[in-house]
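Data first, discussion second: the structure below is written as structure tokens.
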Amino acid sequence: MNTKGFSTIILAAGKGTRMKSSLPKVLHRIGGKSMLQHVIDAAEDAGATQNIVVVGFGRDKVETAIGNTARIVVQQEQLGTGHAVLQAEPLITKNDTVMILCGDTPLLTTKILKNFYESHINTGAQASVLTAVMPDPAGYGRIIRNFNGEFKKIVEHKDASISEKAITEVNTGIYCFNAASLFPALHQVGHDNAQGEYYLPDVLEILQKENEKINAIAADNYESTLGINSREQLAHAEKILHHRKNHQLMNSGVTIMDPDTTYIDSTVVIGQDTVIYPSTWLQGNCIIGANCEIGPCSRFSDTIIKDGAIISFTYAHDCEIGANATVGPYVHLRPHTKIAANVHIGNFVEVKNSNVGTGTKLPHLSYIGDSDIGSGVNMGCGCITVNYDGKNKHRTTIEDNAFIGCNSNMVAPVKIGKNSYVGAGSTITKDVPDGSLAVGRARQTNIEKWHDKRN
Ligand code: UD1
Ligand code: CA
């Protein structure tokens with residue numbers, strides 16, 4: 001087999017009218033990244049030596065989104081897929097093999113692209129087209145074969161006759177060409193069709209008429225080649241992607257109680273014997289250990305959760321949660337929060353930009369912001385670190401084994417020393433030395449016989 005690799009041309013200049021969106025179609029996201037990025041990543045993994053993306057509508061947004069993961073060429077006017085490919089001609093050398101992909105097919109797998117490229121090389125064809133048999137072929141170009149089953153041409157849905165529309169084998173929009181055949185044929189393509197566009201698939205008919213060898217080969221899994229043209233199709237693709245990830249995780253020893261309501265990005269890593277409860281969403285670079293219980297009704301992004309943690313009804317982003325910690329229900333962990341092992345965080349607690357030491361308990365109704373809390377601290381119900389003076393944020397330090405009574409405010413910057421106590425209902429504005437009791441509240445006055453005096 002020829003192993004010199006291939007260049008890709010990824011078509012992404014169209015507006016995506018059917019999405020009804022101001023965002024270019026290929027930038028709509030599924031499974032945590034844009035449709036276009038899925039395609040670029042799959043091509044990269046399949047061994048592409050260079051990826052060229054054709055941009056047009058919303059080109060600035062598309063260029064920013066792909067960064068340096070691909071080269072860019074601009075199609076000023078969207079005159080059709082054939083015209084789009086022509087824009088990349090200057091970047092392709094004559095001996096190249098070119099794989100053409102569309103930016104709106106996010107379910108493509110590396111395996112499909114590798115197999116397709118190998119089939120193109122092994123059959124010695126000048127052009128190969130990947131086809132698929134779709135249960136609902138509406139909208140796709142149909143594959144027309146002759147009575148021997150050999151490839152003849154592709155007819156677009158809008159140009160198809162009733163009998164052609166009945167054909168279920170479609171063009172996936174994925175092709176391999178020898179560059180030396182592609183570009184001369186592409187220059188001959190006209191635009192005499194229902195959409196007045198230069199159709200890329202017409203190249204195949206031109207080459208076929210020149211008696212070049214065309215390899216039209218069916219993908220074994222049509223789902224991976226689905227093209228997304230509408231929001232409904234986007235939602236459908238999202239489901240497929242999530243089921244794929246759930247399937248892979250379950251096969252590696254993760255229990256997912258309800259795959260239908262569990263959304264896990266492809267980037268997430270989860271250890272063995274962890275159980276994911278229903279309605280849970282894991283996004284971005286989450287790394288979850290073994291033997292954890294996650295959910296129900298939780299959302300995590302870019303969060304590290306160590307072995308044995310039990311977390312329910314929680315939203316955490318950009319955090320770290322230690323081994324065997326118990327968190328929830330109804331907890332919000334905000335960025336730059338580091339929770340150590342064996343910590344307990346209970347009902348209605350918010351923690352932001354703080355460190356919480358081993359075995360510390362924050363059981364109910366507290367706000368902890370910009371704080372460094374040691375280990376073995378017990379915080380009563382309803383405590384607040386008062387971190388903002390209206391202009392600046394300040395830190396609170398609570399050292400090991402301190403005991404904070406219910407409904408206390410720690411006005412930062414302030415430090416509560418080791419083994420010290422804060423009386424319930426205190427507002428602490430001065431540092432508390434190690435081992436002492438601080439009481440910062442008005443003394444109680446009892447006015448006797450009050451009831452009688454009022455009447
Ligand atoms: C295209 C194919 C069709 C195939 C289907 C597979 C043509 C004429 N038709 O139809 O046979 O079944 O894909 O999904 O090729 N684009 C540009 N510049 C343009 C026009 C389009 O870059 O001038 C890009 C779009 O951004 C998109 C891709 O090409 O990523 C496909 O365009 P789209 O309009 O979605 O083509 P389909 O009608 O789906
Ligand atoms: Ca399409």
Side-chain angles (χ1 to χ4, degrees), residues 6-46 48 50-89 91-92 98-110 112-113 116-117 129-130 132 139-141 170-177 197-201 219 223-238 240-241 266:
F6 55 91
S7 297
T8 66
I9 301 174
I10 303 172
L11 307 187
K15 179 172 190 292
T17 315
R18 291 162 279 185
M19 294 298 282
K20 309 259 166 42
S21 175
S22 58
L23 190 69
K25 172 168 76 172
V26 296
L27 294 189
H28 282 261
R29 294 168 77 82
I30 74 167
K33 56 187 179 186
S34 71
M35 295 204 270
L36 177 58
Q37 199 62 53
H38 281 279
V39 177
I40 295 172
D41 291 349
E44 181 90 37
D45 290 347
Q50 68 164 343
N51 291 308
I52 302 164
V53 178
V54 183
V55 300
F57 177 80
R59 64 172 274 204
D60 292 346
K61 284 184 186 158
V62 179
E63 280 191 51
T64 309
I66 60 185
N68 56 9
T69 59
R71 297 177 76 180
I72 300 279
V73 295
V74 181
Q75 184 192 23
Q76 295 292 359
E77 266 185 294
Q78 283 69 66
L79 303 179
T81 49
H83 179 256
V85 171
L86 261 188
Q87 312 310 307
E89 188 177 9
L91 297 185
I92 303 288
V98 180
M99 186 185 283
I100 295 175
L101 302 166
C102 293
D104 65 351
T105 54
L107 300 173
L108 279 180
T109 61
T110 303
I112 282 201
L113 297 185
F116 178 54
Y117 173 64
V129 55
L130 188 66
Y140 288 94
V170 306
N171 171 20
T172 64
I174 299 163
Y175 320 78
C176 271
F177 289 98
E197 288 184 358
Y198 296 90
Y199 289 166
L200 175 62
E223 275 193 340
S224 301
T225 68
L226 286 171
I228 308 307
N229 296 319
S230 66
R231 308 256 186 178
E232 218 165 345
Q233 290 171 337
L234 187 71
H236 180 58
E238 179 94 50
I240 293 171
L241 210 62
S266 57

> Do Gln78 and Leu11 pass the side-chain contact (heavy atoms from CB on, under 4.5 Å) test, and can you show the C-alpha distance, the side-chain angles, and the key distance before you say yes or no?
Replying inline: CA-CA 11 Å; Gln78 283 69 66; Leu11 307 187; over 6 Å; no

Do the side chains of [Y] and [X] get nearer than 4.5 Å, heavy atoms only?
X	Y	answer
Arg231	Ser21	yes
Ile30	Leu234	yes
Lys33	His38	yes
Ile92	Ile52	yes
Pro106	Ile228	yes
Val74	Gln87	no
Val55	Lys61	no

Shortest non-hydrogen contact from [X] toward [Y]:
X	Y	value
Gln75	Gly80	NE2-O, 3.3 Å
Pro201	Asn171	CG-ND2, 3.7 Å
Ile9	Ala88	CD1-CB, 3.7 Å
Gly173	Cys102	O-SG, 3.9 Å
Thr109	Ser224	CG2-OG, 4.2 Å
Gln50	Leu91	NE2-O, 3.1 Å

> How would you list, by chain and number, every residue that makes a side-chain contact (heavy atoms from CB on, under 4.5 Å) with Thr225, sequence neighbours excluded?
Replying inline: Ile112, Leu130, Ala132, Met134, Thr172, Ala219

>> The criterion is side-chain contact (heavy atoms from CB on, under 4.5 Å); which residues satisfy it with Asn51, sequence neighbours excluded?
In response: Thr8, Ile10, Ile40, Ala43, Glu44, Ala48, Ala70

Is [X] reaching over with its side chain to a backbone N or O of [Y], donor-acceptor style, under 3.5 angstrom?
X	Y	value
Tyr140	Gly227	yes
Gln233	Ser230	yes
Thr81	Leu200	yes

About how many Å separate [atom2] of [Y] and [atom1] of [X], when rounded to the nearest 0.5 Å?
X	Y	atom1	atom2	value
Leu23	Lys15	CG	NZ	10.5 Å
Tyr175	Phe116	OH	CZ	9.5 Å
Met35	Leu107	CE	CG	9.5 Å
Leu101	Leu36	CG	CG	10.5 Å
Arg71	Ser7	CZ	OG	8.5 Å
Ile174	Leu113	CD1	CG	6.0 Å

>> Testing the 3.5 Å rule here: is there a donor-acceptor pair between the side chains of Glu232 and His236?
In response: no

> For Asn229 and Asp104, what are the C-alpha separation, side-chain angles and deciding distance, and is it a side-chain contact (heavy atoms from CB on, under 4.5 Å)?
Replying inline: CA-CA 7 Å; Asn229 296 319; Asp104 65 351; 3.5 Å; yes

> Does the pair Ile66 and Ile72 meet the rule for a side-chain contact (heavy atoms from CB on, under 4.5 Å), with working shown?
Replying inline: CA-CA 9 Å; Ile66 60 185; Ile72 300 279; 3.2 Å; yes

